[in-house]
Amino acid sequence: MALTKNEKRLRIKSRIRKVVSGTESRPRLAVYRSNKEIYAQVVDDVTGKTLAAASSRDKAIASEKGTKSEIAALVGKAVAEKAIKAGINTISFDRGGYQYHGRVKSLAEGAREGGLKF
């Protein structure tokens, strides 16, 4: 029987997570995308703590108008701003099993514009 779209994504995600891991010096920028919203968080996998997070549901971003990709870019800039404030400059990008395309790509480019190095 064929896998569902979500089951395929979770398999890809587990393959990515074997390789991509966040440390204190280089945490992981994890992305989650639903049909309506997009979420990003900077995670230190060694201690299991979230160091910075932003989403399209944040008050400042939710009030903005634009396409989903434009909102994703704003989320990327917001998470980059919070990460830099926490003293984080370089990260490893975890696309969460999604294709590096559309909203995920916009978020990554927004984070780069915000000052994060991948």
Side-chain angles (χ1 to χ4, degrees):
M1 193 163 86
L3 294 173
T4 65
K5 189 185 255 188
N6 196 42
E7 287 171 337
K8 267 195 251 181
R9 184 186 76 80
L10 292 176
R11 279 194 180 181
I12 294 166
K13 181 181 177 179
S14 65
R15 267 199 314 258
I16 292 168
R17 290 287 288 119
K18 285 181 196 173
V19 178
V20 178
S21 180
T23 61
E24 191 176 340
S25 61
R26 189 181 173 113
R28 172 174 62 97
L29 176 61
V31 175
Y32 175 73
R33 174 179 68 86
S34 71
N35 286 337
K36 200 172 179 184
E37 312 288 349
I38 191 158
Y39 307 84
Q41 57 184 356
V42 179
V43 182
D44 177 5
D45 290 316
V46 176
T47 59
K49 293 196 175 174
T50 299
L51 307 171
S55 77
S56 57
R57 299 186 70 182
D58 293 346
K59 286 183 182 177
I61 298 170
S63 63
E64 294 287 328
K65 298 285 185 198
T67 63
K68 290 180 189 176
S69 293
E70 290 167 352
I71 299 295
L74 293 175
V75 171
K77 288 178 187 173
V79 77
E81 185 180 301
K82 290 178 182 179
I84 288 173
K85 195 177 281 187
I88 300 160
N89 294 321
T90 58
I91 52 125
S92 53
F93 188 70
D94 176 11
R95 58 190 173 90
Y98 304 107
Q99 288 186 346
Y100 187 78
H101 178 75
R103 288 190 281 162
V104 176
K105 185 176 179 181
S106 294
L107 189 140
E109 289 172 351
R112 283 191 184 102
E113 285 177 24
L116 288 180
K117 294 181 184 76
F118 289 40

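Residue numbers count from 1 along this sequence.
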Peer 1: Applying side-chain contact (heavy atoms from CB on, under 4.5 Å) to Val31 and Phe93, what does each step give before you reach the verdict?
Peer 2: CA-CA 8 Å; Val31 175; Phe93 188 70; 3.7 Å; yes

Peer 1: Which heavy atom of Ser56 sits nearest to which heavy atom of Ile71, and what is that distance?
Peer 2: CB-CG2, 3.7 Å

Peer 1: Which residues end up grouped with Val43 if you chain together Ile, Leu, Val, Met, Phe, Trp and Tyr wherever their side-chain heavy atoms are less than 4.5 Å apart?
Peer 2: none

Peer 1: Can you pull out every salt bridge (charged side-chain N to carboxylate O under 4.0 Å, His left out) where at least one residue sits in residues 46-59? Sequence neighbours excluded, please.
Peer 2: Asp58-Lys82

Peer 1: Per the side-chain hydrogen bond (donor to acceptor under 3.5 Å, both in side chains) rule, what does the pair list look like for residues 16-27, sequence neighbours excluded?
Peer 2: Thr23-Ser25

Peer 1: Which pair of heavy atoms, one from Ala83 and one from Val42, lies closest together, and at what distance?
Peer 2: CB-CG2, 4.2 Å

Peer 1: Can you list everything that forms a salt bridge (Lys or Arg N to Asp or Glu O under 4.0 Å) with Arg28? Sequence neighbours excluded, please.
Peer 2: Asp45, Asp94

Peer 1: With sequence neighbours left out, what residues match Tyr98 under ring pair (Phe, Tyr, Trp, His ring centres under 6.0 Å)?
Peer 2: none

Peer 1: Strictly by side-chain hydrogen bond (donor to acceptor under 3.5 Å, both in side chains), give each pair with a member in residues 100-118 just once, sequence neighbours left out.
Peer 2: Lys77-Glu113, Tyr100-Arg112

Peer 1: Scan residues 44-84 for pairs that pass ring pair (Phe, Tyr, Trp, His ring centres under 6.0 Å), counting only residues two or more places apart or in two chains.
Peer 2: none

Peer 1: Mind checking what makes side-chain hydrogen bond (donor to acceptor under 3.5 Å, both in side chains) contact with Ser92, not counting sequence neighbours?
Peer 2: none

Peer 1: Could you check if a side-chain atom of Gln99 sits within less than 4.5 angstrom of a side-chain atom of Val104, using non-hydrogen atoms only?
Peer 2: no

Peer 1: Identify whether Phe118 and Ile16 are in the same connected component of the hydrophobic contact network (ILVMFWY, side-chain heavy atoms under 4.5 Å).
Peer 2: no

Peer 1: Provide the closest heavy-atom pair for Ile88 versus Pro27 in the form atom of the first, atom of the second, distance.
Peer 2: CG2-CG, 3.6 Å

Peer 1: Hydrophobic cluster mates of Met1, side-chain heavy atoms under 4.5 angstrom, ILVMFWY only, any path?
Peer 2: none

Peer 1: Ile61 and Ala78: which non-hydrogen atoms are nearest, and at how many Å?
Peer 2: CD1-CB, 3.9 Å

Peer 1: What residues form a side-chain contact (heavy atoms from CB on, under 4.5 Å) with Ser63, not counting sequence neighbours?
Peer 2: none

Peer 1: Running the 4.5 Å side-chain criterion over Ile, Leu, Val, Met, Phe, Trp and Tyr, what cluster does Val46 land in, apart from itself?
Peer 2: none

Peer 1: Does any N or O in the side chain of Glu37 come within less than 3.5 Å of the main-chain N or O of Ser34, such that one atom is a donor and the other an acceptor?
Peer 2: no

Peer 1: Can you sort out the partners of Arg95 under side-chain hydrogen bond (donor to acceptor under 3.5 Å, both in side chains), two or more places apart, ordered by chain and number?
Peer 2: none

